[in-house]
Structures are given as C-alpha cells and as structure tokens.
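Since the structure comes first, as structure tokens, the remarks are kept for the end.
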Amino acid sequence: DLIVHVRDITHPETILQKATVLSVLRNLNLPSHLLDSMVEVHNKVDLIERYKPTEENALAISALHGHGLEELKQEIEKKILTATGKKILTVNINLEGPQLSWLYKEATVQEVEVMPEDGTARVKVIIGSSAFGRYKNLFPN
C-alpha cells in the first residue's frame, strides 16, 4: 500500500543512492500511485547541524534520538488510510449489545474506553467505508 524510502542523509553518495533506488522501483513496474505517494525519509539528521530537507515532502528524522518519528508515523498513517480507503472513527456503543463483537470482526479496534456508569464504551476503530455502511445499517442508533 505504501513505499517508505529511508535514506542515510549523511552518506556521501546519498543522492546517487536515491536515484538508484528510484530506478530499481521503476523497473519493477509498480503501479504509478505507489511511486507518487512514496514517503521520503532522511535519517541521521542528528549528525548534521540544523539539517533541513531540500527535497519537497521529505521528512527529517533521527531514529537514534527519536526526532521526527511521531511526524513520520502520522504521515504513514495518513497515506495508508488514503491508499486503502479506510478511516479512523470513534463510535459510542452500548456494551450490552453485539456492536463491540461486530467491530472486532469487521474492523481494526484500536482503543476501547469503557464508561461503567452507563454501560457504554467509546471505541476507536480503523474501518472501510463499506464496513461502516453495514455497521450503520445493523446498528442505526
């Protein structure tokens, strides 16, 4: 669904390495949307003082120090959701009904926050459009 190209930005041949990787990917006859949506990651920015990527849409990270990893995670999540046609939703459910079980079968449940005082829960899920349509038909409330 997504290509993430991580480069050692401190390597003396980093530009050549990028060109080589892109050439290999093109020769694999991958769908053009994969190449167009590729995430470019510049790693080891901690070794270059005040590093700023000159390439459009490149993310600067330091895997060693954790710099930029949250932004990278968000970018990957956004592009994967776009590529797969899924979305992240939070739905309120009644714990006495079958909704939670259904969500575990038909979606990816990320988080369940139970409100014991009223027997409900807030459920964060990753779900496709068609599955969410079925959910709304089965559980209109």
Side-chain angles (χ1 to χ4, degrees), residues 1-116 118-141:
D1 294 319
L2 181 67
I3 297 171
V4 179
H5 181 205
V6 181
R7 291 171 47 202
D8 174 353
I9 208 64
T10 65
H11 193 283
E13 298 294 331
T14 189
I15 302 296
L16 178 61
Q17 288 176 335
K18 177 183 179 176
T20 303
V21 167
L22 291 177
S23 175
V24 168
L25 290 173
R26 281 190 203 99
N27 288 336
L28 291 174
N29 294 319
L30 298 171
S32 61
H33 75 273
L34 271 179
L35 295 173
D36 295 341
S37 66
M38 182 168 61
V39 176
E40 176 84 19
V41 181
H42 295 178
N43 190 26
K44 297 189 180 181
V45 297
D46 55 299
L47 299 177
I48 301 174
E49 195 171 322
R50 286 182 239 143
Y51 179 78
K52 293 247 190 274
T54 56
E55 298 168 45
E56 192 177 328
N57 300 323
L59 298 169
I61 71 163
S62 167
L64 180 65
H65 297 289
H67 169 75
L69 294 182
E70 189 56 38
E71 292 84 357
L72 175 58
K73 180 183 164 212
Q74 289 171 4
E75 182 69 11
I76 289 171
E77 185 175 87
K78 180 178 86 175
K79 291 207 174 190
I80 288 286
L81 290 172
T82 299
T84 60
K86 294 186 178 182
K87 52 187 142 196
I88 297 177
L89 299 172
T90 300
V91 293
N92 295 315
I93 64 163
N94 183 333
L95 289 171
E96 292 178 2
Q99 291 99 322
L100 187 58
S101 175
W102 189 93
L103 288 169
Y104 270 109
K105 284 184 212 160
E106 302 293 331
T108 302
V109 175
Q110 290 194 307
E111 193 175 297
V112 178
E113 181 186 350
V114 175
M115 273 67 82
D118 63 358
T120 64
R122 239 185 267 100
V123 184
K124 183 177 175 185
V125 295
I126 300 173
I127 191 166
S129 299
S130 63
F132 187 58
R134 289 192 310 273
Y135 177 83
K136 289 192 301 190
N137 285 337
L138 287 168
F139 312 108
N141 297 334

Between W102 and R134, is any pair of side-chain heavy atoms under 4.5 Å apart?
yes

Above 12 or not: heavy atoms from other molecules or residues under 6.0 Å from CD of E55?
yes

I15 and R7, any side-chain heavy atoms less than 4.5 Å apart:
yes

Distance, nearest 0.5 Å, that separates CG of N29 from CG of L35:
10.0 Å

For F132 and Y135, take the angle between the two ring planes, folded into 0 to 90°, and tell me which bin it lands in: parallel under 30, tilted 30 to 60, perpendicular over 60.
parallel

Over all atoms of both residues, closest heavy-atom pair of I61 and G68
CG2-O, 3.7 Å

Is any side-chain heavy atom of I126 closer than 4.5 Å to one of Q110?
yes

Distance (rounded to the nearest 0.5 Å) between L72 CG and Q74 CD
10.0 Å

Is any NZ, NE, NH1 or NH2 atom of the basic residue among K73 and E77 found under 4.0 Å from an Asp or Glu carboxylate oxygen of the other?
no

Under a 4.5 Å cut-off applied to non-hydrogen side-chain atoms, are H67 and D46 in contact?
no

Taking side chain as C-beta onward, heavy atoms only, is Y51 less than 4.5 Å from T10?
no

Distance-only, no hydrogens or angles: does the N43 side chain make a donor-acceptor pair with backbone N or O of A63 under 3.5 Å?
yes

Taking every non-hydrogen atom, the tightest pair across E75 and V39:
CG-CG2, 4.2 Å

Atom CD1 of I3 and atom CG of L34: how far apart are they, to the nearest 0.5 Å?
5.0 Å

Could you go step by step and tell me if D1 and T84 meet the side chain to side chain contact (heavy atoms under 4.5 Å, CB included) rule?
CA-CA 7 Å; D1 294 319; T84 60; 3.5 Å; yes

Could you walk me through whether L25 and M38 pass the side chain to side chain contact (heavy atoms under 4.5 Å, CB included) test, one step at a time?
CA-CA 11 Å; L25 290 173; M38 182 168 61; 4.0 Å; yes

side-chain hydrogen bond (donor to acceptor under 3.5 Å, both in side chains) evaluation trace for R122 with T90:
CA-CA 6 Å; R122 239 185 267 100; T90 300; over 6 Å; no

Pair L47-L64, side chain to side chain contact (heavy atoms under 4.5 Å, CB included): steps then yes or no
CA-CA 10 Å; L47 299 177; L64 180 65; over 6 Å; no

Verify, without hydrogens or angle tests, whether T20 (side chain) and L16 (backbone) share a donor-acceptor contact under 3.5 angstrom.
yes

Is any side-chain heavy atom of L103 closer than 4.5 Å to a side-chain heavy atom of I93?
yes

If you round to the nearest 0.5 Å, how far is CG of N94 from CG of L100?
11.0 Å

Here the gap from L22 atom CG to N27 atom CG, rounded to the nearest 0.5 Å, amounts to 11.0 Å

